[in-house]
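Okay, so here's the structure we're looking at.
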Amino acid sequence: MADVIIRTRKSGPLVFELAAGVKLVDHEGNPYPLPTGKPLVALCRCGQSKNKPFCDGTHKECGFIAEETAPPRDSAG
Ligand code: FES
């Protein structure tokens with residue numbers, strides 16, 4: 001399976017590309033149907049989506065701010 005990269009969007013969702021073998025499951029291991037016909041999946045991280053775990057764009061209206069960046073590689077241990 002290809003590497004899956006999950007990206008944070010500045011003040012927005014977590015986004016990853018759909019790829020063969022990628023699954024999104026709930027806390028009981030049940031799979032969510034993933035969107036078809038779209039290359040990217042966006043997961044809510046503002047907590048305000050009405051379609052969790054997927055982003056529905058509400059982060060743009062609720063004042064969600066997330067501008068953090070990953071720490072430098074040599075500080076991760
Ligand atoms: S991150 Fe988009 S609705 Fe929460």
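As the structure lists them, so they are numbered: ligands from 1, and atoms in each ligand from 1.
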- Message: For atom 2 (Fe) of ligand 1, what is the closest protein heavy atom, and at what distance to 0.1 Å?
- Response: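 Result for atom 2 (Fe) of ligand 1: His59 ND1, 2.2 Å.
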- Query: Does any non-hydrogen side-chain atom of Leu40 lie less than 4.5 Å from one of Phe16?
  - Reply: no
Would you mind listing which atoms of ligand 1 come within a distance below 4.0 Å of any non-hydrogen atom of [X]?
X	answer
Ser49	3 (S)
Cys55	2 (Fe), 3 (S)
Asp56	3 (S)

- Is a side-chain N or O of Lys38 found less than 3.5 angstrom from the main chain of Pro35, in a donor-acceptor match?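 No; zero donor-acceptor contacts below 3.5 Å.
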- Side chain or backbone of Arg45 under 4.0 Å from ligand 1, or both, or neither, by non-hydrogen atoms? backbone
- Message: Hydrophobic clusters here meaning ILVMFWY residues chained together by side-chain heavy-atom distances under 4.5 Å, can you tell me if Val22 and Tyr32 are in one?
- Response: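 Val22 and Tyr32: one cluster.
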- Item | Short side-chain donor-acceptor distance under 3.5 Å, Asp56 and Thr58 | yes
- Message: Looking at every non-hydrogen atom in both residues, tell me the closest pair between Gln48 and Cys62 and how far apart they are.
- Response: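 Shortest heavy-atom contact: CG-SG, 3.7 Å.
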- Item | Cys44 near atom 4 (Fe) of ligand 1 via N/O/S, less than 2.8 Å | yes
- Query: Near atom 2 (Fe) of ligand 1, is there an N/O/S atom from Cys46 that is less than 2.8 Å away?
  - Reply: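 So Cys46 does not count as coordinating atom 2 (Fe) of ligand 1.
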- Message: Any salt bridge linking Glu61 with Lys50? Criterion: basic side-chain nitrogen under 4.0 Å from a carboxylate oxygen.
- Response: no
